[in-house]
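Okay, structure first, notes after.
Just so it is clear, the structure is predicted and the values come from calculations on it, not from any experiment. Atoms considered below: every heavy atom in the structure, side chains included; atoms not considered: hydrogens, waters and symmetry mates.
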Amino acid sequence: MSITITLPDGSNRQYDASTTGYQIASDIGPRLASAAVAVTVDGEPYDLHRPIDRNASVSVITENTEAGRHVIRHSAAHIMAQAVLDLFPGATFAIGPAIDDGFYYDFSVERPFAPDDLNAIEDRMAEIVAADQPFERSELSIAEALETFADHPFKVEIIKGVDADEGVAGDTVSTYRNDGFLDLCRGPHLPSTGRLKAFQLMRAAGAYWRGNEDNPQLQRIYGTAWESKKALDDYLNMLEEASKRDHRRLGVDLDLYSFPSELGAGLAVWHPKGGTLRRAVEDYSRRTHAAHGYEHVMSPHLAKADLWETSGHVNFYRDAMYPAMELDRGSHGKGQDYFVKPMNCPFHILIYKARSRSYRELPLRLFELGTVYRYERSGVLHGLMRVRGFTQDDSHIFTTEEDLADELQRLLDFVLMVLRDFGFDEFEADLSTRPEKYVGDPDMWERAEAYLASALETADLSYQLAPGEGAFYGPKIDIHIKDALGRRWQLSTIQVDFGQPENFELEYATNENTRKRPVMVHRALLGSVERFIGILVEHHAGAFPAWLSPVQATVVPVADRHNEYATAIGDRLVEAGVRVEVDTADETVGEKLRNAITQKTPAILVVGDNDVENKTAGVRMRGEDKEARGVPIEKVIADLVELVAPPR
RNA sequence: GCCGGGGUAGCUCAGGGGUAGAGCAACGCACUCGUAAUGCGUAGGUCGCGGGUUCAAAUCCCGCCUCCGGCUCCA
């Protein structure tokens with residue numbers, strides 16, 4: 001019997017009903033055949049050697065694509081599990097998917113894996129790869145599978161689970177066998193273990209079964225696998241580059257901030273240079289908000305428990321709040337509980353409520369660089385990226401529902417402008433819609449979701465829908481940026497809130513002198529200033545755009561006798577608004593230059609005899625290894641003034 | 001919080017029951033130098049904190065703090 005195979009280019013080929021993806025790939029070309037790791041048949045992933053027995057559209061998955069690497073990594077996970085089960089008698093295995101950049105597998109073992117164990121496992125994996133064992137697919141009924149995996153309780157749970165997605169489809173499950181190792185798996189897999197060309201185990205860690213702390217903790221091993229040794233090396237180099245850019249390391253090298261253990265976990269102090277950087281960021285934020293119709297407000301760090309009860313935080317957010325402090329306790333009576341603020345919104349609401357509001361003053365945009373404190377569990381703290389006290393560029397917009405669409409559009413334009421000004425130009429957005437538990441009118445929700453979507457479309461921002469992921473009080477947009485290493489960070493968030501205006505009974509007077517309830521929008525552009533600066537440091541690898549650099553220019557005198565001239569130039573630059581250092585250290589030019597380069601100073605001015613005589617300087621810009629000699633000092637100053645100008 | 005690995009000079013790290021080590025940084029002296037490390041010298045440590053074992057603890061044991069990698073959550 002003959003079947004018709006349709007290829008992605010629309011062409012058709014005739015085959016026997018027992019053909020395989022490998023056969024088809026080979027007919028197209030030998031190079032494709034050797035790069036192929038699997039195929040899709042009418043969109044469904046198939047092993048290369050799994051027979052295709054019907055008319056279908058087939059496309060070949062090659063090893064150098066994300067889909068291809070997914071297959072490679074999934075097979076690598078199997079081979080690792082096989083090695084672990086070989087080496088650790090009594091071990092049982094749970095789940096082992098491919099993930100971004102690699103794979104992991106979770107095991108239940110008698111003792112946690114030690115670093116040396118990973119080497120042994122890697123060696124065993126290499127043997128399995130060398131043996132080039134074919135992966136063989138077969139299908140079992142649920143009953144057969146339960147019997148087959150009776151010794152592996154986590155597999156049994158997966159087989160029984162209706163929602164589980166690991167190889168479960170209808171009445172049967174598929175398994176893959178290579179040599180003596182059998183795993184429950186949906187596939188597809190590489191044709192054989194020998195096709196795993198480049199892999200490395202990365203680390204072991206504890207992980208809860210299904211990510212739930214109430215479940216037993218398993219031992220997870222992370223690995224990475226690639227289509228070639230070169231691709232693996234590139235990835236390892238990227239990790240190396242990332243660790244060189246680590247904001248915690250650069251924080252020390254560039255003297256920006258530190259995390260003294262005397263302070264406590266998750267708390268940072270800002271050194272003068274970090275303080276300067278942070279002030280540049282915050283000044284920019286204040287300036288641009290003022291220019292975009294925001295009014296600056298300020299609020300204290302504490303408020304009475306009553307306020308947090310009205311706002312719902314005590315009910316919904318208490319886990320992340322610091323415990324209450326009882327103040328003003330009299331000699332017999334009970335005092336008043338106060339909470340440190342985890343959010344700024346209730347304060348801004350109180351400002352709104354301070355007097356009656358008219359439709360004429362809406363949208364009212366209240367802005368604050370508000371420092372909030374959230375209790376984060378000790379294990380999750382991470383440099384500036386995850387701290388226990390941080391400052392949000394926070395704003396609450398009070399608007400009529402009629403103005404909401406326009407306001408969201410303006411807001412999104414503003415967000416993108418700000419992120420671009422800091423050097424980010426790749427964005428992705430998530431639109432999170434109404435969850436099962438929600439407050440407010442469903443029609444209003446739908447309208448707000450539509451406004452958010454249309455704002456995204458008008459801004460030409462690609463976005464993913466996250467159905468049901470909105471907060472209970474309103475839908476939201478989250479904006480992610482991609483940094484210089486291609487990593488994705490969530491920065492901005494725009495959240496519509498139907499709940500708080502209700503909680504606080506907010507109103508405004510309409511043009512007909514009736515009372516209506518405003519809609520609130522919570523939004524933060526940089527998110528947390530601390531975290532944002534951590535991301536900036538890593539994105540720019542510490543070589544900040546000149547307007548953000550703590551030191552924008554360093555003046556290097558060639559010898560002692562040029563110190564006076566160098567200092568005079570420094571004074572001129574300070575007057576012109578440039579952040580400058582004059583390096584009069586008793587060192588060679590080479591050493592002083594090296595220090596300034598290591599500190600990633602945007603501009604270095606070297607001055608010697610010729611410069612003193614001619615009122616010039618040698619100018620060496622960051623990233624260039626050729627300098628300009630004898631530049632007239634007036635031009636140097638004018639150029640630097642231009643260089644350090646903020647984007648707006 | 002849980003699992004694993006760490007904490008020795010400002011930084012990066014070696015050492016491992018019996019007088020605490022290196023490189024860089026710092027400080028001093030000499031050198032006065034034209035685009036990525038001048039030379040010589042000096043100083044610097046309750047070996048994270050507390051308790052225990054021991055004639056003796058940085059080293060072994062216990063507890064705590066803190067950092068790193070994960071789990072979970074999010075700015």
Hits for side chain to side chain donor-acceptor pair (under 3.5 Å) against A:H348, two or more places apart or cross-chain, chain-then-number order -> A:E368, A:H396
Contacts of A:D100 meeting salt bridge (charged side-chain N to carboxylate O under 4.0 Å, His left out) (sequence neighbours excluded), chain-then-number -> none
Could you tabulate the donor-acceptor pairs under 3.5 Å formed by side-chain atoms of residues 584-592 of chain A, not counting sequence neighbours?
| residue | atom | partner | partner atom | Å |
| --- | --- | --- | --- | --- |
| A:T588 | OG1 | A:E591 | N | 3.1 |
| A:K592 | NZ | A:P557 | O | 3.0 |
| A:K592 | NZ | A:A585 | O | 3.4 |

Sorted by chain and number, sequence neighbours left out, ring pair (Phe, Tyr, Trp, His ring centres under 6.0 Å) with A:W489 holds for none
Separation of B:C2 atom C1' from A:D214 atom CG, nearest Å, is 12 Å
- prompt: Hey, does A:R203 reach any base, or is it just sugar-phosphate, or nothing, if we go heavy atoms under 4.0 Å?
  reply: sugar-phosphate
With sugar-phosphate taken as primed atoms, P, OP1 and OP2 and all else as base, the protein-contact string of nucleotides 6-14 of chain B at under 4.0 Å (heavy atoms; B, S, -) is ---------
By side chain to side chain contact (heavy atoms under 4.5 Å, CB included), A:R622 pairs with (sequence neighbours left out) A:A543, A:S549, A:K600, A:P602
The contact string for nucleotides 29-34 of chain B, one letter per nucleotide 5' to 3', using protein heavy atoms under 4.0 Å with B, S and - for base, sugar-phosphate only and none, comes out as -BBBBB
Sorted by chain and residue number, the ring pair (Phe, Tyr, Trp, His ring centres under 6.0 Å) partners of A:F88 (sequence neighbours excluded) come out as A:F113
Sorted by chain and number, sequence neighbours left out, side chain to side chain contact (heavy atoms under 4.5 Å, CB included) with A:E564 holds for none
Tabulate atom names and distances for all N/O pairs under 3.5 angstrom spanning the protein and nucleotides 64-68 of chain B.
| residue | atom | partner | partner atom | Å |
| --- | --- | --- | --- | --- |
| B:C68 | OP1 | A:R248 | NH1 | 2.7 |

Ring pair (Phe, Tyr, Trp, His ring centres under 6.0 Å) filter on A:F427, not counting sequence neighbours, yields none
Just call it for A:E591: base, sugar-phosphate, or nothing, with non-hydrogen atoms closer than 4.0 Å on any strand.
sugar-phosphate
The salt bridge (charged side-chain N to carboxylate O under 4.0 Å, His left out) partners of A:R203 (sequence neighbours excluded) come to none
